Student: 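Take this structure first; my questions come after.
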Amino acid sequence: MQRSVEVSGKTLEEVLERSARYFEVPKEKLGYEIIAENKGFLGILSPKMLRVRVWIDEGGEKTEEESPQETSSQPVKASSTPDQPPDEDQSQNLARAREMLDQFLGGFLKKMEVEVNYSFQEKEGRLLVEIEGQDAGLLIGKRGETLEAIESFLKILLAKKGFSQVGLSVDISGYQKRQEENLKQLAQKTAQKVLQDKKRAKLRPMSAKERRIIHTALKDNPRVTTYSIGQEPQRRVVIDLKNGRKKANYSKKPRPKKTRNNV
Amino acid sequence: MKDLVEYMVRALVDNPNEVKVSEVEGEQSIIYEVRVAPEDMGKVIGKQGRIARSIRTIVKAACVKSGKKAMVEILE
């Protein structure tokens with residue numbers, strides 16, 4: 001049985017810590033969903049409050065996460081996983097995963113009432129689903145958000161059906177591919193600008209996946225370095241000059257002195 | 001669209017027979033209330049609500065054609 005509680009607190013951290021004590025498990029074992037968030041209207045009048053539902057993650061559910069190895073110094077491994085089963089097993093596994101997805105997608109797209117076709121490809125041990133057709137735009141969504149949701153849903157489904165080692169990418173009318181190209185171009189262009197201006201540049205907030213593309217695109221460039229700052233979903237990549245100059249100086253600015261007599 | 005919500009949720013849970021979806025239709029919006037077995041709650045919501053978010057986004061997109069706003073609520 002899964003136990004869940006609803007907890008209120010000022011910060012997510014605080015809520016999770018209290019729930020961890022309540023359940024007597026480490027924080028990492030908890031799953032949660034934010035139910036309500038009081039953003040602190042007008043900042044001062046009412047305190048910030050969060051209402052969170054917390055439960056123990058029994059470990060059964062393994063949500064596929066795009067946690068990239070985000071540091072630029074660490075090259076992203078392309079395909080070789082350490083404990084890969086023999087090729088035969090793997091291709092059989094892939095075939096079964098494909099069959100399961102095929103079955104699901106057929107019903108799924110029909111129930112979504114969209115006019116599209118889809119096809120599978122196997123590439124470097126990964127499954128690739130490509131969707132095309134009249135309603136492709138609808139399935140991509142604003143900034144690709146629906147596409148992302150579909151991909152993440154299918155990954156969860158794979159994990160649930162016991163195919164957690166099967167890699168999956170979904171693309172709709174070549175959208176992901178174009179996005180990737182654009183990001184690579186953006187990375188190179190910005191790197192050039194950084195070298196020209198001798199000034200670091202911050203990119204717009206990006207998802208983990210997008211940030212990884214930027215990091216990877218510039219990891220072999222000897223003259224610039226990349227790192228990320230900020231919290232999700234506002235996390236963004238900074239492209240900076242390598243060496244030659246001190247790293248960004250984030251230390252405190254001298255504050256103007258407060259005087260007591262200005263009432 | 002109710003079918004779609006049911007289809008997606010059933011695929012994720014261990015007790016598909018206990019999945020109940022009801023539809024509350026307003027003038028500009030439709031709310032889908034999803035009920036699952038208590039032990040399946042986590043499977044539908046996911047870590048940090050990730051799965052629930054995916055479901056919501058997909059259902060929203062599917063309802064674009066109908067011109068109504070769709071919402072998915074997961075109830076115990």
Side-chain angles (χ1 to χ4, degrees), chain A residues 1-4 6 12 16 28-35 52-66 100-101 103-115 135 137-142 144-157 159-161 232, chain B residues 1-19 21-23 25 30-76:
Chain A
M1 259 316 243
Q2 198 159 34
R3 295 184 295 164
S4 78
E6 280 187 32
L12 189 58
L16 287 180
E28 294 71 41
K29 286 250 165 106
L30 296 173
Y32 63 89
E33 181 188 34
I34 296 172
I35 303 168
V52 186
R53 192 205 312 270
V54 186
W55 62 90
I56 299 187
D57 231 319
E58 313 271 9
E61 168 213 22
K62 215 174 151 197
T63 47
E64 186 99 352
E65 224 221 306
E66 281 140 23
M100 188 277 290
L101 282 180
Q103 215 170 36
F104 176 83
L105 273 172
F108 175 70
L109 294 170
K110 203 170 141 209
K111 287 182 168 50
M112 272 195 94
E113 293 167 20
V114 285
E115 307 252 340
D135 286 325
L138 190 135
L139 286 183
I140 293 171
K142 219 193 305 160
E145 66 172 14
T146 311
L147 166 57
E148 229 163 82
I150 293 172
E151 187 180 87
S152 109
F153 186 89
L154 294 179
K155 280 178 177 175
I156 290 154
L157 190 66
K160 149 88 184 149
K161 305 282 183 195
E232 301 272 9
Chain B
M1 280 311 130
K2 193 181 141 197
D3 276 1
L4 173 72
V5 180
E6 249 171 32
Y7 186 74
M8 289 172 74
V9 174
R10 287 214 166 111
L12 291 181
V13 298
D14 289 334
N15 307 289
N17 292 332
E18 285 182 53
V19 173
V21 179
S22 52
E23 198 173 20
E25 192 162 355
I30 309 175
I31 304 170
Y32 297 99
E33 294 181 337
V34 179
R35 283 185 178 75
V36 298
E39 62 267 34
D40 280 332
M41 282 297 280
K43 301 215 173 62
V44 183
I45 296 171
K47 275 184 204 135
Q48 302 183 37
R50 238 181 233 129
I51 304 177
R53 207 180 320 135
S54 297
I55 297 176
R56 287 187 182 117
T57 307
I58 292 170
V59 174
K60 252 184 220 162
C63 289
V64 164
K65 279 189 184 167
S66 73
K68 284 193 179 180
K69 250 193 171 165
M71 276 169 277
V72 178
E73 279 172 17
I74 296 155
L75 308 168
E76 218 163 335

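Lettering follows sequence order; numbering is per chain, from 1. Note that the structure is predicted; figures quoted are calculated from it, not measured.
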Student: In terms of heavy-atom proximity below 4.5 Å to chain A, should B/Ala52 be classed as side chain, backbone, both, or neither?
Tutor: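 Side chain only.
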Student: Indicate the atoms forming the closest heavy-atom contact of A/Lys160 with B/Asp14, along with that distance.
Tutor: NZ-OD1, 2.5 Å
Student: Counting only non-hydrogen atoms closer than 4.5 Å, does B/Arg56 touch chain A with its backbone (N, CA, C, O), its side chain (CB onward), both, or neither?
Tutor: side chain
Student: Hey, are the side chains of A/Met112 and B/Ile58 touching, using non-hydrogen atoms and a 4.5 Å cut-off?
Tutor: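 Yes; the side chains approach each other to less than 4.5 Å.
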Student: Considering all heavy atoms of both residues, which atom of B/Ala61 and which atom of A/Thr146 are nearest to each other, and what is their separation?
Tutor: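 Heavy atoms only, the tightest pair is CB-CG2, 3.5 Å.
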Student: Could you state the interatomic distance from CZ (B/Arg50) to NZ (A/Lys155), rounded to the nearest 0.5 Å?
Tutor: 11.0 Å
Student: Enter the distance from A/Phe153:CZ to B/Arg53:CZ here, rounded to the nearest 0.5 Å.
Tutor: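 Interatomic distance, A/Phe153 CZ to B/Arg53 CZ, rounded to 0.5 Å: 15.0 Å.
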Student: Could you go through B/Lys65 and A/Asp135, starting from their C-alpha distance and side-chain angles, then the distance that decides it, and tell me whether this counts as side-chain contact (heavy atoms from CB on, under 4.5 Å)?
Tutor: CA-CA 10 Å; B/Lys65 279 189 184 167; A/Asp135 286 325; 2.9 Å; yes
Student: Would you mind checking which part of A/Lys161 comes under 4.5 Å of any heavy atom in chain B, side chain (CB onward), backbone (N, CA, C, O), both or neither?
Tutor: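 Interface part for A/Lys161: side chain.
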Student: Measuring from atom NZ of A/Lys111 to atom CD of B/Glu6, what distance do you get when rounded to the nearest 0.5 angstrom?
Tutor: 9.0 Å
Student: Return the minimal non-hydrogen interatomic distance between A/Gln103 and B/Tyr7, and the atom names on each side.
Tutor: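 Taking A/Gln103 first and B/Tyr7 second, the nearest heavy atoms are O-OH, 3.5 Å.
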Student: Heavy atoms only: give me the nearest B/Thr57-A/Ala149 pair and the separation to one decimal.
Tutor: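 Nearest heavy atoms, B/Thr57 then A/Ala149: CB-CB, 3.7 Å.
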Student: Tell me, for B/Val13 versus chain A, whether the close heavy atoms (under 4.5 Å) come from the side chain, the backbone, both or neither.
Tutor: backbone
